[in-house]
Amino acid sequence: MACAGHDFAAPRRRDTRAWSAVAAVLGAGLRYEGREACGCGKEPKFRPRTRAQLRARRIAASRTGTPLAEMLGRADP
């Protein structure tokens with residue numbers, strides 16, 4: 001059990017593809033954080049929700065030499 005952050009919205013239990021994207025994000029050391037408890041703080045940061053988004057960011061990270069954790073936090077690879 002790991003704390004994924006305040007803005008984490010769990011995918012459906014049987015959606016293994018979405019859970020693999022969650023596992024990759026948490027494995028990279030990122031969390032689903034952004035908004036303050038009162039709602040007046042920062043905007044939530046982008047995190048990939050599908051395997052296609054994850055794959056695109058992995059390819060972009062390997063092409064540019066950018067660390068995967070940094071690339072997973074970008075909205076546009």
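All residue numbers in this chain count up from 1 along the given sequence.
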Which residue pairs satisfy the side-chain hydrogen bond (donor to acceptor under 3.5 Å, both in side chains) criterion with at least one member in residues 50-60, sequence neighbours excluded?
-> none
Linked hydrophobic residues, I59 as query - side chain contacts closer than 4.5 Å = none
Tell me, please, which residues at least two apart from F46 pass ring-ring contact (aromatic ring centres under 6.0 Å, His included).
-> none
Under 3.5 Å donor-acceptor pairs involving side-chain atoms of residues 64-77, not counting sequence neighbours:
residue, atom, partner, partner atom, Å
T64, OG1, A60, O, 2.8
T64, OG1, T66, N, 3.4
T64, OG1, T66, OG1, 2.8
E70, OE2, R74, NH2, 2.9

Quick one: salt bridge (Lys or Arg N to Asp or Glu O under 4.0 Å) partners of R31, sequence neighbours excluded?
-> E33
When the side chains of residues 11-28 are checked against the rest of the protein, which donor-acceptor pairs come out under 3.5 Å, sequence neighbours left out?
residue, atom, partner, partner atom, Å
D15, OD1, A18, N, 3.4
W19, NE1, R12, O, 3.0
S20, OG, R17, O, 2.6

